[in-house]
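Down below is the structure, laid out as structure tokens.
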Amino acid sequence: MPTHSNVNRAIRDASPALDALLSELGRAAEYPPDIPFQAAQARSVSLNATIGQITDGSGGILALKAVSEQLGSLADRHLDAALLYSPVEGDPELRRLWARHHRPSGAAGAGSSLPLVTIGLTEALSLVADLCCDRGRAVLVPAPFWGNYRQIFGLRRGASIVPVEVIRERRFEARAIVEAVHSQPEGEPVVLILNFPSNPLGYSPTVDERTELVEGLVRAAEARPILAICDDAYSGLVFEDGVPSESLYWSLVGRHPSLLPVKIDGATKELVLFGARVGFLTFPFPRDSAVAIAVESKLKCLLRASVGSPVALSQRLVVETLRTPGVEDEVATVREILGRRYRCLKEALAAADPRLLRPVAFNSGCFAVLDLPDGLDSEKVRRRLLADYDTGVVSLGGSYLRLAYCSVKEESLGTLIERIESCLSAMLSE
Ligand SMILES: Cc1ncc(COP(=O)(O)O)c(C=O)c1O
């Protein structure tokens, strides 16, 4: 059983950078040797009186028929795995399957932990925030960004969110991210969120931009520990040639001992399973190494203290989904549908008045951002679209308006753009 001092020592010995990044909570956390720990050790004994699950006495769930009848084929083959508690770190089969689903062969793949299962990507982000953020920790976030980062890192952990403006003249500037890291006080550890394809921009760096970013971060890690959180919520949704779709995580892992990427991904968008709440968190340490075990011990402690364990039923659903022949073709079909919506939106925007509709560069994901004409406020435009044009979009504040084209039919995208164009034109002439 790891002890407090030796989990921290394993981290310090293998990764002084992670040691420097640990929050007070992260340093204190360690998976306790209480019920789930003792129950896991007793999994194969004939009389298991450890965990308070209501079973048939032989390890099987004593399920209500009213429950099991709802589960269809899952109940026939996997009733116990679906309805008993999941291990705190997640279903072992799901962890292996997800790793295989995402991992390139070779050194980068071998140098990473097995993914820990979380309740959606949100909880994975929150666990990393618990582990590495105290009051005042700088969290650099390319802006505009997904607003929930403020709650996860700022509100809950007191971290200091530093928005990094990456859009200049409606184009993406990778160098702004590296410059922002350099501008932090000398030697100070930083957390950096890298969300590509991004929400709200719908942008992924091109090959050259990715090289500039990766090499810049490797150089910046000479001066300070950097935790680079790769939020891969929209993984694989890339619609242009010359834009890599593989996670940035795989370009960062193993590049510098002070540059620690973590990979956060999940079934939410990748398997179109929004309500199942299955996410994953992967660390850049080889599975079964002392440091991987130590980090997992801390994360399991934090997870147990917040949600208990990940949802068994959803995990089983994902296991069975990943094992279903043809699932990859189905995922590809969804991506094609989104790709067609992407191209359709591009065409509609190209045909609109360029003084009114000014898209910020986008090439991937689910969204596009419009930079509104001078003098128009995005919140006022949003309300007007809702009140007078029967149209809902998201105001990002200032001049940015976000369109989630992933949830609009291909044939309606032209109408969406026409309505926005009419609304902007009316508001400008008032
Ligand atoms: C960039 C980004 N990260 C994380 C999440 C959260 O994902 P989940 O719903 O799996 O918690 C979202 C959801 O919209 C997102 O856009």
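Values reported hereafter were calculated over all heavy atoms of this structure, with side chains retained and with hydrogens, waters and symmetry mates removed.
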Whether over 12 other heavy atoms sit under 6.0 Å from I35 CD1: no
Between L248 and V214, does a side chain to side chain contact (heavy atoms under 4.5 Å, CB included) hold up when you go through it step by step? CA-CA 8 Å; L248 198 51; V214 170; 3.9 Å; yes
Would Y400 and S395 count as having a side-chain donor-acceptor pair, cut-off 3.5 Å? no
Residues S364 and V238: closest non-hydrogen pair is CB-CA, 3.8 Å
Answer yes or no: is there a side-chain heavy-atom contact under 4.5 Å between T268 and V278? no
Give, for atom CD1 of I61 and atom CG of L84, the distance between the pair rounded to the nearest 0.5 Å. 4.0 Å
Which atom names give the shortest non-hydrogen contact between Y31 and R304, and what distance separates them? CE1-CD, 4.0 Å
Heavy atoms of P87 and S309 approach each other most closely as O-CB, 4.5 Å
Do the side chains of L201 and F367 get nearer than 4.5 Å, heavy atoms only? no
Q53 side chain to Y85 backbone, donor-acceptor under 3.5 Å: yes
Answer whether the closest heavy-atom distance between the side chains of V139 and V162 falls below 4.5 Å. no
Is a side-chain N or O of E330 found less than 3.5 angstrom from the main chain of G326, in a donor-acceptor match? no
Quick check: do L192 and L217 have side-chain heavy atoms less than 4.5 Å from each other? yes
Report the relative orientation of the aromatic rings in Y405 and Y342; use parallel for angles under 30°, tilted for 30 to 60°, perpendicular for over 60°. tilted
Under the side chain to side chain contact (heavy atoms under 4.5 Å, CB included) criterion, do I420 and V381 qualify, and how do the steps go? CA-CA 9 Å; I420 297 174; V381 172; 5.6 Å; no
Tell me if a side-chain donor or acceptor on D265 pairs with a main-chain N or O of A233 at a distance below 3.5 Å. no
Is the shortest side-chain N to carboxylate O distance from R175 to E209 below 4.0 Å? no
Does atom CD (E328) have a neighbourhood of more than 12 heavy atoms from anything else shown, all under 6.0 Å? no
In plain terms, say whether E320 and R316 are close enough for a salt bridge, that is, a side-chain N and a carboxylate O under 4.0 Å apart. yes
Hey, is the main chain of D231 close enough, under 3.5 Å, to the side chain of N195 for a donor-acceptor pair? yes
To check you understand the geometry: which heavy-atom pair defines the closest contact between R157 and L25, and what is its length? NH1-CD2, 3.6 Å
In terms of side-chain geometry, is the basic nitrogen of E188 or R224 positioned less than 4.0 Å from the acidic oxygen of its partner? no
Under a 3.5 Å distance rule, please check whether E270 uses its side chain to pair with a backbone N or O of A267 as donor and acceptor. no
Using the ring-ring contact (aromatic ring centres under 6.0 Å, His included) rule, collect all pairs that involve residues 196-231, keeping only residues at least two apart or in two chains. F172-F196, F172-Y203
Can a side-chain donor-acceptor contact be found between T50 and Q38 if the only test is distance below 3.5 angstrom? no
I'd like to know if the side chain of S399 and the backbone of D371 have a donor-acceptor N/O pair within less than 3.5 Å. no
Looking only at non-hydrogen atoms, find the nearest pair between A221 and S258 and report the distance. O-CB, 3.3 Å
Between the side chains of R382 and E379, is the shortest nitrogen-to-carboxylate-oxygen separation below 4.0 Å, so that they form an ion pair? yes
Those residues that, when tested against S247, pass side chain to side chain donor-acceptor pair (under 3.5 Å) (two or more places apart): D232
Going by the ring-ring contact (aromatic ring centres under 6.0 Å, His included) test, which pairs reach into residues 280-337, not counting sequence neighbours? W98-F280
Are any side-chain N or O atoms of T333 and backbone N or O atoms of D329, one a donor and one an acceptor, separated by less than 3.5 Å? yes
Looking at side-chain heavy atoms only, is the closest gap between L403 and I417 below 4.5 Å? yes
Side-chain heavy atoms of L416 within contact of Y389, under 4.5 Å: no
Within this structure, what is the CG-CG distance for the pair L22 and L131, rounded to the nearest 0.5 Å? 5.5 Å
Can Y234 and S204 be said to form a side chain to side chain donor-acceptor pair (under 3.5 Å), step by step? CA-CA 10 Å; Y234 301 89; S204 296; over 6 Å; no
Beyond-backbone contact of L252 with V218, side-chain heavy atoms, under 4.5 angstrom: no
Answer yes or no: does atom CG of L62 have more than 12 heavy-atom neighbours from other residues, nucleotides or ligands under 6.0 Å? yes
Closer than 4.0 angstrom, basic N to acidic O: yes or no for R341 and E410? no
Run the salt bridge (Lys or Arg N to Asp or Glu O under 4.0 Å) test against R419 and tell me which residues pass, sequence neighbours left out. none
With side chain to side chain contact (heavy atoms under 4.5 Å, CB included) as the test, would you mind laying out the steps for L401 and V369 before giving the verdict? CA-CA 6 Å; L401 206 61; V369 168; over 6 Å; no
Sidechain-backbone polar pair: S113 side chain, P115 backbone, donor-acceptor under 3.5 Å: no
Any chance you could lay out the side chain to side chain contact (heavy atoms under 4.5 Å, CB included) test for V295 and I11, step after step, and finish with the verdict? CA-CA 7 Å; V295 172; I11 290 177; 4.1 Å; yes
Output yes when D208 and R210 qualify as a salt bridge under the 4.0 Å nitrogen-oxygen rule, no when they do not. no
If you measure from the Lys or Arg side-chain nitrogens to the Asp or Glu carboxylate oxygens, is any gap between K298 and D130 under 4.0 Å? no
Between the main-chain N or O of R95 and the side-chain N or O of R100, is there a donor-acceptor pair closer than 3.5 Å? no
Rounded at 0.5 Å granularity, tell me how far CZ in R43 sits from CD1 in I51. 8.5 Å
Can you sort out the partners of E69 under salt bridge (Lys or Arg N to Asp or Glu O under 4.0 Å), two or more places apart, ordered by chain and number? K65
Other residues, nucleotides and ligands only: do more than 12 of their heavy atoms fall within 6.0 Å of CG on D241? no
N48 and A42: which non-hydrogen atoms are nearest, and at how many Å? ND2-O, 3.4 Å
Is the closest side-chain heavy-atom distance between R277 and T118 below 4.5 Å? no
Is the closest basic N to carboxylate O distance between E411 and K409 below 4.0 Å? no
Set of salt bridge (Lys or Arg N to Asp or Glu O under 4.0 Å) partners for R287, sequence neighbours left out: none
Examine distances only and state if a side-chain atom of S126 and a backbone atom of T122 form a donor-acceptor pair shorter than 3.5 Å. no
